[in-house]
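Scroll down for the structure; my scribbles are underneath it.
Whatever order the structure lists ligands and atoms in, that order sets their numbers, starting from 1. Reckoned from all heavy atoms, side chains included, excluding hydrogens, waters and symmetry mates.
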Amino acid sequence: MSDRYVVFGNPIAHSKSPEIHTRFAVQSGQDMHYERWLAPLDGFATAVRDFIQQGGKGANVTVPFKLEAHALADTLSERARAAGAVNTLHIVDGEIHGDNTDGIGLVNDIVVNAGWALTGKRILLLGAGGAARGVVLPLLTQRPAALVIANRTAARALELAQQFGAQGVVQADEFAQLQGHFDLIINATSASLAGDVPPIAPTLLHAGVLAYDMVYGKEPTAFMQFAAQHGAAVRDGLGMLVEQAAESFCIWRGVRPDTTPVFAALRAQLQA
Ligand code: ATR
């Protein structure tokens with residue numbers, strides 16, 4: 001029987017993970033099966049136990065269970081501990097190893113796919129929720145000249161900056177105070193889901209800046225449209241989605257898939 005993998009979430013019907021991992025498996029000749037698992041809102045731990053009981057080898061975890069997965073794991077990677085959240089479970093001898101591949105997915109999409117080196121650059125991270133927290137350590141690992149975190153609720157940005165102070169040059173600022181040059185501006189707020197743009201000065205966006213939205217969709221997000229109007233290069237989060245999946249696949253199977261054709265197929269589908 002094929003090795004079994006799932007993605008836990010609620011809701012889960014929209015998840016593109018089964019398609020991504022099935023494409024990776026076919027491409028690399030891995031004998032595995034990957035499907036969705038709708039866990040009850042109050043039944044995540046039971047669902048994981050059932051899955052392990054059935055011989056499951058690994059899982060992705062999405063909204064709203066990433067914090068619970070962090071609590072449930074028997075062991076945690078350094079990046080999962082730093083993120084305070086887990087999106088990848090690897091089951092080895094009945095033990096649950098928790099990892100978080102979201103941040104490295106973002107970094108690989110920016111550095112490898114977009115060809116935008118981060119070392120020595122100034123990065124502005126918008127947001128201080130779960131999505132932002134998950135990417136701070138992997139961004140700092142690239143040794144940027146500075147990482148500035150800004151959030152609508154300023155205290156959350158300050159807390160995040162303080163948590164990672166020992167890992168690199170990281171500071172908090174307020175949306176209205178932001179000034180100076182940033183090479184990369186990452187929107188990790190959920191504002192795009194409501195069609196909103198974080199209130200930053202348009203002068204931060206100009207040619208030579210990459211404006212990255214962790215959200216993706218058929219159309220460019222409101223943030224990407226705002227950034228493009230002011231001359232910035234823009235990129236959405238579809239590549240991050242594919243890259244975080246590739247990293248999970250690598251953890252489970254020891255094989256790094258080629259993300260380029262999978263990204264292209266997903267983009268074509270989105271725009272069909
Ligand atoms: P996620 O897991 O997607 O990060 P979250 O933890 O609820 O979700 O965090 C949402 C983030 O988006 C927060 O940084 C939030 O700002 P607050 O901390 O002030 O709530 C930010 N956010 C949501 N809507 C926003 C908007 N319209 N403008 C700016 N920031 C917004």
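- Each of H21, K16, R23 was checked for a side chain to side chain donor-acceptor pair (under 3.5 Å) with E19, and the lone residue meeting it is R23.
- In terms of heavy atoms, T221 sits closest to S192 at CB-OG, 3.7 Å.
- Protein heavy atom closest to atom 9 (O) of ligand 1, with residue, atom name and distance, is G129 CA, 3.4 Å.
- Not one N or O on the side chain of R235 forms a donor-acceptor pair closer than 3.5 Å with the backbone of Y212.
- With hydrogens left out, the protein atom closest to atom 3 (O) of ligand 1 is A131 CB, 4.0 Å, a heavy atom.
- Residue R152 touches ligand 1 through backbone and side chain together, judged by heavy-atom distances below 4.0 Å.
- Crowding of Q271 atom CD: a count of heavy atoms from other residues, nucleotides or ligands under 6.0 Å exceeding 12.
- Atom CD of Q54 has more than 12 neighbouring heavy atoms from other residues, nucleotides or ligands inside a 6.0 Å radius.
- Against a heavy-atom cut-off of under 4.0 Å, G127 is close to the following atoms of ligand 1: 14 (O).
- For the pair S190 and ligand 1, a heavy-atom separation below 4.0 Å is found.
- Shortest contact from atom 14 (O) of ligand 1 to any protein heavy atom: N151 OD1, 2.6 Å.
- Contact annotation: for T153 versus ligand 1, heavy atoms closer than 4.0 Å belong to both the backbone and the side chain.
- By the 30° and 60° cut-offs, the orientation of the rings of F44 relative to F8 is perpendicular.
- Below 4.0 Å from some heavy atom of D196 lie the following atoms of ligand 1, by number and element: 27 (N).
- Taking both residues in full, the closest heavy atoms of A132 and G127 are given as CB-O, 3.2 Å, listed atom of the first, atom of the second, then distance.
- Of the protein's non-hydrogen atoms, T189 CB, 3.6 Å is the one closest to atom 21 (C) of ligand 1.
- With P64, A191, G130, P199 as candidates, the residue nearest to atom 6 (O) of ligand 1 on a non-hydrogen basis is G130.
- Atom 30 (N) of ligand 1 is flagged as protein-proximal [any protein heavy atom, distance under 4.0 Å].
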